Asker: 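Below is one structure. I have some questions about it.
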Amino acid sequence: MKFGLFYELQLPKPYDGEDWDPDAERRIYHEMLEQVELADRVGFDYVFEVEHHFLEEYSHSSAPELMLAALSQRTKNIRLGHGITLTPPAYNAPARVAERISALDLLSNGRVEFGTGESASHMELAGFGVDRGRKKAMWEEATREIANMMAKTPYPGYKGEFFSMPERNVIPKPLQRPHPPIWVAASRRETSMVAARLGIASLGFGFETAEELGERTREYYQLLREECMPLGHTINPGLAVLSSLMLADTEEEALRRSANGPGFFSYSLGYYYNPMTGSRHAPGRSNVYRRYRDSAPEARAMLGGFVEEAELRRTEPGEEVQRALYRAARAQGSIGTVERVREHLKRYEEQHLDVLIFVAQSGDRKHEHIMESIERFGKEVLPEFKDRHETVHRKWRSEQLAGVEFPIHSSI
Amino acid sequence: MPKHDKIQNEELRGLIAGAYTSMRAGQGGDAVRALSQAYLRLLELKPELLGKRVAMGRGSMLAALRWPMLGANLKWESLRTGKPEIELVREHFAVSEAMTYYEYTVETALEVNA
């Protein structure tokens, strides 16, 4: 199993104020640079950064290509992932995406992971005029053609349902030929299976338990072997899931340092993605953090605080997306002592998970605590998993992929 | 072996098999039309699915409403009458949309041992 960091660039407003500190956005951008530089030094495999627009407090990461470009010059080995690029053409013209991905691949000496997706929030869809009912079709058409633009010389042109362009040679070409590994954001089980059918990796947002993941992994690889119709020119087999990270000397200290990280992450995500609240957000005026802190105790109990896993299973929502939010807020994830987190992660490893991606920067967590967690994880937990990845997981993967007739390009 | 082969009901399996063939041929529209028909047939065969609720926040929602709303849209009001209807808002569907409907329909059918 490999490990990565995941960034939304969260920035809660002050509880008692109407606006952020004037230096706050600069500060979190530079903190992320420091955190990823450290992660690279201690052996993390991936960083994934989202593209979101207008989701104040929840995500201030609207131009990940710039952050990843900066990181390409400050890091040596870590893979630089878009987690994800919004590919419906109204967000990003397909040729511009191909150009940016290729340029980043050259700058980073071939370290790009091309994550793709659609987004689902009212603020973003309505902000860019994207039809909610067609966004998946837009994603598919644009992502396929972006791969073609990187792979083909010249790109022969395209007349499609959502965009068209004449013959052009889209340059530069990426270092990773024909194109970097492709991923798709998957918040529902169906999308992970669509990913398998299209030969791309699934970047899961479901906060699945290790046991659920085992079933999903088996099915994903079976579909990939037996029913794949590749979207790109190479396939990228892989499943990744998210978990929250905070390490400390004691469980209590880890929970204290975790602060409102997972709770606010989940609350603000639910706030923007629920049409009832997301569509009523007052741009520049709402204070989501205050709303979170002031919400009724029962509502906060649903979204914040930690419980034993047995209770979690008794009370969690049945609806898949709601369940993911609930788990993001409540499941202890990778929060605790080194020993507890190591045992927790072994359960995912036993189910053959390819990549586990940590949300460390979230809510009002402190930079110094995130740095300490990254360093301790890299030095005290990561090495044994790295060894087993090379000796055990690679063998398992090659067995799963035996007989696959399509060319594979994957960093896993 | 495609996973719809595990569906026991012959008629339902046949409908989904037809959709699967269309999906594999890149004919998303044909696949989604067949899958919509299959889902409605599944709701007829297993009427308990119509009343099934899943927890959501502090309340719950009808499980049937988890059917993806990607252009083959389940009419909410039709659920109340006990005669569910799916409205196809266009002819053309992408392959990824058809795959999404396929996964949802087959998984639901297998969950209830149809």
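Just so it is clear, the model here is predicted, and its values are computed rather than measured. Letters go in sequence order (proteins before strands), and every chain restarts at 1. The figures here come from the full heavy-atom set of this structure, side chains too, leaving out hydrogens, waters and symmetry mates.
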Asker: For R197(A), is there an ion pair with E103(B) - N to carboxylate O distance below 4.0 angstrom?
Answerer: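 Yes, charged N to carboxylate O under 4.0 Å.
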
Asker: Tell me whether the count of non-hydrogen atoms from other residues, nucleotides or ligands lying under 6.0 Å of CD in E399(A) goes above 12.
Answerer: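 Yes.
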
Asker: Using a heavy-atom distance cut-off of less than 4.5 Å, which residues of residues 88-101 of chain B contact chain A?
Answerer: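 Within residues 88-101 of chain B, near chain A: R90(B), H92(B), A94(B), V95(B), S96(B), E97(B), M99(B), T100(B).
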
Asker: If you check every heavy atom in residues 13-33 of chain B against those of chain A, which residues fall under 4.5 Å?
Answerer: Y20(B), M23(B), R24(B)

Asker: So which of M193(A), E227(A), Q222(A) has the biggest tally of heavy-atom pairs under 4.5 Å with chain B?
Answerer: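 Of the options given, most contacts go to E227(A).
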
Asker: Side chain from CB out, backbone as N, CA, C, O: work out which of these in E141(A) comes under 4.5 Å of a heavy atom of chain B, or both, or neither.
Answerer: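 For E141(A), neither part sits under 4.5 Å from chain B.
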
Asker: Where is the tightest heavy-atom contact between M1(B) and E226(A), given as atom of each residue plus distance?
Answerer: N-OE1, 3.5 Å

Asker: Side chain from CB out, backbone as N, CA, C, O: work out which of these in L223(A) comes under 4.5 Å of a heavy atom of chain B, or both, or neither.
Answerer: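 Side chain only.
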
Asker: Would you give the length of the straight line joining atom CZ of R188(A) to atom OH of Y104(B), rounded to the nearest 0.5 angstrom?
Answerer: 7.5 Å

